[in-house]
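Notes follow once the structure below has been shown.
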Amino acid sequence: MNVTPDLDARFREVALREGLVDVRYDIIDSPIGGLFVAATDRGLARIHFHPDGQEDELARIFGVRVLRSPLDDIRRELDEYFDGTRTSFDLPLDLRVAPFHADVLRELALVPYGRTETYGALAAKVGRPRAARAVGTVMNRNPIPIILPCHRIIGANGSLTGYAGGLDIKRRLLELEGATLLF
Amino acid sequence: MMGNVATEPIPPFERFYLGYRDEVLGYLRRLLGQRAEDAWQETFLRALRAYDRLEHGRHLRAWVFTIATNVAMDDLRLKPQLPVSGEPVAELHRDAFRELEHLTGDLPPTERAAVVLRYGYDLAYAQIADALGSSEEAARAAASSGVRRLRRTHERHA
């Protein structure tokens with residue numbers, strides 16, 4: 001006896017409307033593959049490049065009432081970004097990170113579309129000019145890549161250095177934005 | 001290896017839901033027929049409301065069948081009516097149940113729930129007792145009485 005898609009969708013809708021969900025997620029198709037996207041009542045909370053097994057991580061951080069449901073606002077902005085018609089995002093975020101990470105991510109959000117910045121320069125902007133390596137760690141653990149554009153942060157010599165989604169994706173995002181790349 | 005059951009983690013609700021939504025709907029159809037869909041939604045809403053208060057991830061299947069049984073009994077506006085029986089326990093083989101299961105709709109609701117949970121979903125009597133809010137003995141008696149009633153109905157139809 002299988003639950004029909006209608007019945008399933010109705011249940012998910014009512015569960016959300018009644019405020020019974022700690023965190024919802026969806027998998028959004030994109031030119032760089034399926035993106036695992038999660039949001040709480042406060043806003044967008046996670047984007048992962050590798051969808052498998054992320055529900056457990058959500059349950060640990062946000063609570064066990066994890067439910068899949070469409071995230072239309074986020075999907076629309078991401079679609080527009082990948083179409084090249086959107087250069088900044090207009091989404092509330094639910095960032096639950098340590099204060100230093102929050103400072104760095106706030107500065108990161110200001111790096112403009114199509115531009116790059118070095119780890120050291122970003123460190124200087126948060127008043128820690130010698131903390132380039134620590135900034136690298138913050139980029140590596142960025143909970144909301146793409147929206148918080150850690151792909152725009154590169155090495156002092158212009159090399160792409162690293163990216164949680166893989167260097168190939170970092171390069172594709174920068175190319176999409178028309179950034180000038182040395183490597 | 002010692003299984004540390006006390007700390008068996010609670011799975012994300014989505015996984016629990018995908019794991020049980022179909023068989024719970026099947027169970028409620030047997031108890032309620034066409035009205036099963038509303039009861040099914042109510043079952044999973046109740047589960048979701050209680051889900052963050054669970055202390056561990058054990059016995060979730062029996063737990064959701066318990067909720068479904070309560071919802072069905074509410075729907076039928078019935079308290080589980082547990083038969084008092086001094087008769088010998090009647091049991092069924094799985095194959096025999098398949099032959100008789102189309103007749104379960106004629107059973108009183110508590111017997112129907114007990115029989116379907118035992119023979120349709122393979123729950124232990126202790127779990128059926130939880131679902132019915134009864135003792136294990138009473139759950140066994142309800143299933144047993146249901147089995148006898150099924151056989152009588154079957155003989156009349158035969």
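Heavy atoms only: backbone and side chains are in, while hydrogens, waters and symmetry mates are out. Below, chains carry the letters A, B, ... as their sequence lines are ordered, and counting in each starts from 1.
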Residues, nucleotides or ligands: over 12 heavy atoms within 6.0 Å of Glu137(B) CD = no
Would you kindly confirm whether Leu44(A) and Leu95(A) end up in one hydrophobic cluster when ILVMFWY residues are joined by side chain heavy atoms under 4.5 Å apart? yes
Turns out that what part of Arg21(B) lies under 4.5 Å from chain A's heavy atoms comes down to both
Exercise for review: Give a yes-or-no answer on whether the side chains of Tyr51(B) and Asp22(A) include a donor-acceptor pair shorter than 3.5 Å.
Suggested key: no
Given the options Arg68(A), Arg12(A), Arg65(A), Glu14(B) meets salt bridge (Lys or Arg N to Asp or Glu O under 4.0 Å) only with Arg12(A)
Turns out that what part of Leu18(B) lies under 4.5 Å from chain A's heavy atoms comes down to side chain
Q: May I ask whether Leu45(B) and Val64(A) are part of the same hydrophobic cluster, defined by side-chain heavy atoms of I, L, V, M, F, W, Y residues being less than 4.5 angstrom apart, directly or through others?
A: yes
dist Thr4(A):OG1 -> Glu37(B):CD (nearest 0.5 Å) comes out at 5.5 Å
- Using modelled atom types only, decide if a donor and an acceptor are shared between the side chain of Asn2(A) and the backbone of Asp22(B) within a distance under 3.5 Å. no
Using side-chain heavy atoms (C-beta onward) and a distance below 4.5 Å, is Leu7(A) in contact with Leu25(B)? yes
Among Arg24(A), Arg60(A), Arg10(A), the residue with the most heavy-atom pairs under 4.5 Å to chain B is Arg10(A)
If you count the non-hydrogen atoms of other residues, nucleotides and ligands that lie under 6.0 Å from CZ in Arg141(A), is the total more than 12?
-> no
*Verify the neighbour count for atom CD of Glu175(A): are there more than 12 heavy atoms of other residues, nucleotides or ligands below 6.0 Å?*
yes
Rounded to the nearest 0.5 Å, the OH atom of Tyr17(B) sits from the CG atom of Asp8(A) at a distance of 3.5 Å
Asp79(A) atom CG: more than 12 heavy-atom contacts under 6.0 Å:
yes
For Leu67(A) and Phe13(B) the tightest heavy-atom approach is CD1-CD2, 3.8 Å
**Study point:** Atom CZ of Arg115(A): over 12 foreign heavy atoms under 6.0 Å
**Key:** no
